[in-house]
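Working notes, beginning with the structure itself.
Lettering of chains follows the sequences in order, A, B, ..., and the numbering in each one begins at 1. Quick caveat, the model's predicted, so the values are computed rather than measured.
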Protein chains: 2
Amino acid sequence: MPLPETEIPGRLQAELMSRGLRMTRQRRTILSVVETAKQHLDASQLLRRARRLDPQIDRVTVYRTLGLLKRHGLIDELDLMHMQGEKHFYERRPQRDHIHMACLRCGKITEFESDLFDRLKGQIQRDCRFHIVVTRLEVGGYCAQCRTTDQPKD
Amino acid sequence: MPLPETEIPGRLQAELMSRGLRMTRQRRTILSVVETAKQHLDASQLLRRARRLDPQIDRVTVYRTLGLLKRHGLIDELDLMHMQGEKHFYERRPQRDHIHMACLRCGKITEFESDLFDRLKGQIQRDCRFHIVVTRLEVGGYCAQCRTTDQPKD
DNA sequence: TTAGGTGCAAATAGTTTGCCAGGAA
DNA sequence: TTCCTGGCAAACTATTTGCACCTAA
């Protein structure tokens with residue numbers, strides 16, 4: 001029983017190779033980390049995980065590979081409301097855009113797809129005659145648990 | 001003929017004083033710059049303008065005052081898709097949230113209010129049981145001029 | 001073979017912190 | 001008078017650049 005297409009490992013690799021880019025050992029490693037990540041990772045988390053697979057990998061190579069993926073529109077860069085400093089987080093670009101909700105109390109990140117969001121993007125393209133390349137909707141606030149609890153966090 | 005309420009200078013000052021905060025010469029200067037800005041300014045632009053009014057003002061004071069205004073929800077922090085490095089831009093928190101569209105070619109920032117956006121926020125609060133404090137919707141793409149032109153920028 | 005990629009060191013950008021003197025309430 | 005605030009210097013975090021060596025195609 002095959003995995004759904006979005007979970008086939010190596011998809012990012014295939015995308016980059018089909019664009020004529022060189023596939024190095026380091027890139028393969030970093031791409032596999034990005035692809036298998038279950039949460040949003042920042043550059044230093046990404047480096048740490050890549051080094052578990054290949055201890056030689058340099059921080060700079062991570063940044064350069066992230067830049068490459070960004071330029072090719074294969075990953076999206078998130079700020080997650082700058083709750084943890086000014087670092088950026090990365091995720092594979094999804095088929096359908098989603099919203100990121102960041103709880104200001106517990107720090108949990110929730111994703112949400114919405115038909116209204118899709119329609120809003122359509123309205124922007126039409127009414128503003130603006131050709132959308134990338135969107136980022138981040139919402140800060142309090143999640144269901146935190147807004148109904150008075151107990152201190154943790 | 002009085003100005004519309006949103007344009008009365010000193011409104012931010014009044015807000016901070018009503019919260020019992022000390023009003024210093026430096027804060028008054030920085031607040032007046034924030035209030036009269038016609039575009040989105042970053043910290044260093046803000047500093048430059050504040051120094052025209054009071055050459056003594058320190059960069060650190062600008063950051064501390066921006067932090068204060070953020071904590072009190074009186075200004076919003078924007079990334080504007082990180083088109084010009086990692087700096088942040090600031091604007092007075094509007095009555096009604098709006099979308100920021102950033103043209104990836106000419107750099108122009110356009111604002112857009114939308115009923116669909118208001119409804120989307122309502123949906124998030126309801127469906128996700130998430131209490132929204134702040135939202136940021138930034139869109140990168142090509143504006144009407146740039147997407148219909150082949151001439152190089154500038 | 002060779003253009004493109006990598007690692008290392010250093011530089012840069014933006015922002016924050018420590019500390020003491022100064023001024024608003 | 002009493003904290004809160006400001007200025008200066010230094011630290012810090014995240015990221016980028018320069019350059020010589022390396023390697024995928």
Side-chain angles (χ1 to χ4, degrees), chain A residues 10 12-34 40-51 53-72 75 77-90, chain B residues 12-14 16-34 40-51 53-72 75 77-90:
Chain A
L12 282 180
Q13 276 104 307
E15 281 282 357
L16 283 185
M17 291 182 80
S18 76
R19 287 161 153 92
L21 287 153
R22 287 195 191 170
M23 196 43 54
T24 61
R25 179 172 48 79
Q26 293 92 329
R27 284 189 179 166
R28 254 189 301 273
T29 304
I30 295 166
L31 297 184
S32 77
V33 172
V34 171
H40 306 109
L41 302 178
D42 65 29
S44 62
Q45 293 171 312
L46 222 52
L47 173 64
R48 216 174 307 126
R49 296 196 182 195
R51 278 190 166 154
L53 304 170
D54 176 355
Q56 315 283 11
I57 285 188
D58 195 85
R59 195 166 5 98
V60 172
T61 302
V62 170
Y63 280 111
R64 288 198 269 233
T65 304
L66 288 172
L68 184 73
L69 292 169
K70 270 190 279 179
R71 284 196 302 285
H72 284 268
I75 57 171
E77 188 174 69
L78 311 171
D79 295 295
L80 302 183
M81 296 318 271
H82 303 300
M83 287 198 311
Q84 318 168 50
E86 296 306 318
K87 60 185 60 154
H88 296 129
F89 297 87
Y90 299 91
Chain B
L12 283 180
Q13 277 104 310
L16 283 185
M17 291 183 81
S18 76
R19 286 161 153 92
L21 288 154
R22 288 195 190 169
M23 194 44 55
T24 61
R25 180 171 48 80
Q26 293 92 328
R27 283 188 180 167
R28 254 189 300 274
T29 303
I30 294 166
L31 297 185
S32 78
V33 172
V34 171
H40 307 109
L41 302 178
D42 65 30
S44 61
Q45 294 172 310
L46 223 51
L47 173 64
R48 215 174 309 125
R49 295 196 183 195
R51 278 190 164 154
L53 304 170
D54 175 356
Q56 316 283 10
I57 284 188
D58 196 85
R59 194 165 9 97
V60 172
T61 302
V62 170
Y63 280 111
R64 287 198 269 233
T65 305
L66 287 172
L68 185 73
L69 292 169
K70 270 191 280 179
R71 285 197 302 283
H72 285 269
I75 58 171
E77 187 173 70
L78 311 171
D79 295 297
L80 301 183
M81 296 317 271
H82 303 302
M83 287 198 310
Q84 318 169 52
E86 297 306 319
K87 59 186 62 155
H88 297 129
F89 297 86
Y90 300 91

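- If you take CZ on Arg28(B) and CG on Leu12(B), they are separated by 13.5 Å, rounding to the nearest 0.5 Å.
- Rounded to whole Å, atom P of dG4(C) lies 13 Å from atom CZ of Arg71(A).
- One can place NE2 of His82(A) at 11 Å from P of dT15(D), the figure rounded to the nearest angstrom.
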Open item on the list: I need a per-nucleotide contact map over nucleotides 20-25 of chain C, read 5' to 3'. Cutoff is protein heavy atoms under 4.0 Å; write B for the base, S for backbone only, - otherwise.
Closed with: ---BBS

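- Listed pair Gln26(A) / dG7(C) meets the phosphate criterion, a side-chain N or O lying under 4.0 Å from OP1 or OP2.
- Contact between the side-chain N/O atoms of Tyr63(B) and the OP1/OP2 oxygens of dT15(C) is found at a separation under 4.0 Å.
- Rounding to whole angstrom units, CZ of residue Phe89(A) and C1' of dT13(D) are separated by 13 Å.
- The base of dG7(C) sits within donor-acceptor range of the side chain of Arg64(A), with an N or O pair under 3.5 Å.
- At the phosphate of dT15(C), OP1 or OP2 sits under 4.0 Å from a side-chain N or O atom of His88(B).
- Straight-line distance from the CG atom of Asp58(A) to the C1' atom of dT23(D): 17 Å, rounded to whole Å.
- Which of dA14(D), dG6(D), dT15(C) sits closest to the side chain of Lys87(A) comes down to dA14(D).
- One interatomic measurement links the two molecules: NZ of Lys70(A) to C1' of dT16(D), which rounds to 11 Å at whole-angstrom precision.
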Atom pairs and distances, donor-acceptor, side-chain atoms in residues 61-69 of chain A, under 3.5 Å, two or more places apart:
| residue | atom | partner | partner atom | Å |
| --- | --- | --- | --- | --- |
| Thr65(A) | OG1 | Thr61(A) | O | 2.8 |

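- If you take CG of Leu47(A) and P of dC8(C), they are 11 Å apart, rounded to a whole angstrom.
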